[in-house]
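Just the heavy atoms: all of them, side chains too, but no hydrogens, waters or symmetry mates, feed the values below.
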Amino acid sequence: MDRYQHSMERAYRWRNGLEERSVDCKNTPANAPAAILAARLFRRRGDAADLEWAKRIYAWNKDNSADPESGFVWDGMNRLGNGEIDKDWAFTYCQGVFIGAGLE
């Protein structure tokens, strides 16, 4: 299994319904809020599985969407069906939800 396939299996997909090829798009706006939700569920219920879920999703985002040199968090990967990070899509909300997930 290559890195792309492995990393795609650990994240939630985003599908906007407008492009058939976006079916396997994984992005920060879908995954960082899921990490926030999982962390909050852990605090409320105390279920260790929720904490592991939060850590797994956050780690996926950090490993696949955050630029290790600049710290910039990219929107997502595979929007065009090529397995690449969308470096031409830059949005401030990606920074916000990623920071929020890290703080949770």
Restricting to pairs with a member in residues 87-97, which pass salt bridge (charged side-chain N to carboxylate O under 4.0 Å, His left out), not counting sequence neighbours?
R79-D88
According to the salt bridge (charged side-chain N to carboxylate O under 4.0 Å, His left out) rule, which pairs have a member within residues 30-42, sequence neighbours left out?
R40-E104
Partners passing side chain to side chain donor-acceptor pair (under 3.5 Å) against R45 (at least two apart in sequence or in another chain):
D50
Set out, in order, the CA-CA distance, both residues' side-chain angles and the distance that settles side chain to side chain contact (heavy atoms under 4.5 Å, CB included) for D86 and W74, then state yes or no.
CA-CA 7 Å; D86 266 332; W74 299 104; 5.9 Å; no
Count I, L, V, M, F, W, Y as connected when their side-chain heavy atoms are under 4.5 Å apart, and connections chain through other members. Are W60 and I85 then in the same cluster?
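Looking at the clustering, I85 is in the same group as W60.
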Any side-chain donor paired with an acceptor under 3.5 Å for N61 and T28?
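A donor-acceptor contact under 3.5 Å links the two side chains.
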Just jot down the ring pair (Phe, Tyr, Trp, His ring centres under 6.0 Å) partners of Y58, sequence neighbours excluded, or say none.
F98
Test ring pair (Phe, Tyr, Trp, His ring centres under 6.0 Å) applied to F91 - qualifying residues, sequence neighbours left out
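Once residues adjacent in sequence are excluded, the partners of F91 under the ring pair (Phe, Tyr, Trp, His ring centres under 6.0 Å) criterion are W89, Y93.
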Of the non-hydrogen atoms in V97 and A32, which two are nearest, and what is the gap between them?
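Scanning both residues completely, I find the closest heavy atoms to be O-CB, 3.4 Å.
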Indicate the atoms forming the closest heavy-atom contact of A101 with A35, along with that distance.
CB-CB, 4.0 Å
Given side chains that start at C-beta, do those of P29 and C94 come closer than 4.5 Å, heavy atoms only?
yes
Minimum side-chain heavy-atom gap N64-M77 below 4.5 Å:
yes
With S70 via side-chain contact (heavy atoms from CB on, under 4.5 Å) - residues at least two apart:
D67, F72
How many angstroms lie between CG in L41 and CZ in R44, if you round to the nearest 0.5 Å?
9.0 Å
Taking N27 for the side chain and G76 for the main chain, is one N or O donor matched with an acceptor at less than 3.5 Å?
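Side chain of N27 to backbone of G76, a donor-acceptor pair under 3.5 Å: no, none is there.
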